Amino acid sequence: MVALTFDDGPHSRNTDDIVNILSKYNAHATFFMLGSNVVKYPDVVKRVYDAENEIGIHTWSHKELTKLSSDEIKNEVNNTASEIEKITGKIPILVRPPYGSINEKVRNAIDNPLILWNIDSLDWKSRNKEKIVPLVLNDVQDGDIVLLHDIHSTTVPAVEEILKYLVENDYQIITVSQMLNAKGYDLSKTRIFYSARQ
Ligand code: NI
């Protein structure tokens, strides 16, 4: 199993396109959303959720949490969670800190599992399918968490190729929570995950 994760959205068009591709391959992914975009595109949030994808918290404003106070960190997380809950009826559990930036203060301020990644597509940097696809697939293994961004249009065709390969090679493409649960991890505690490789 592999978990694809999409950060920084939702985006008015690209997120929808990715949701459609996921559905085509009977795959499900985790979207770590920014509160500031959630309030702009609530209908997209609803479609992501209705297609049985997972929604996680990527903070409200994408600030580096290590530079904020504990109260500011909690507000960034809790305000985003409550906007998502208003739309989906479900409180999101997983948190992805912007830039993967974590320290003791961040860990103490957040009660949720912190989800980092072990495969970085660098899609935000290359904006090029020919570079994104091999970065993801060259070293892919069971239990991997892949970082992608649904705000970039160049990521959309890359996702199609990645899914085609993974499905043909019998990987299950599931949400981060589903994968961690399947591997026997306890999601009720604060803990940092880079992957579910065992
Ligand atoms: Ni981000």
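Read the numbers this way: they start at 1 and go in the same order the structure lists the ligands and their atoms. Source: prediction; values computed, not measured.
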Check: Any side-chain heavy-atom pair from K164 and E161 closer than 4.5 angstrom?
Finding: no
Next item on the list: Kindly indicate, with the supporting measurements, whether the criterion ring pair (Phe, Tyr, Trp, His ring centres under 6.0 Å) is fulfilled by Y185 and F193.
Entry: CA-CA 10 Å; Y185 291 105; F193 292 98; 5.2 Å; yes
Checklist line | Results of side-chain hydrogen bond (donor to acceptor under 3.5 Å, both in side chains) for H62 - residues two or more places apart only | finding: D8, H58, Y99
Notebook entry, point to check: Would you say I18 and F6 make side-chain contact, with heavy atoms under 4.5 Å?
Noted result: yes
Next item on the list: Can you check the number of protein N/O/S atoms within less than 2.8 Å of the Ni ion (ligand 1)?
Entry: 3
Next item on the list: Go through the steps to decide whether K86 and E83 satisfy the test salt bridge (charged side-chain N to carboxylate O under 4.0 Å, His left out), and finish with yes or no.
Entry: CA-CA 5 Å; K86 275 186 212 164; E83 283 304 323; 2.8 Å; yes
Item checked: Closest non-hydrogen atom pair, S12 against V44 -> O-CG2, 4.2 Å
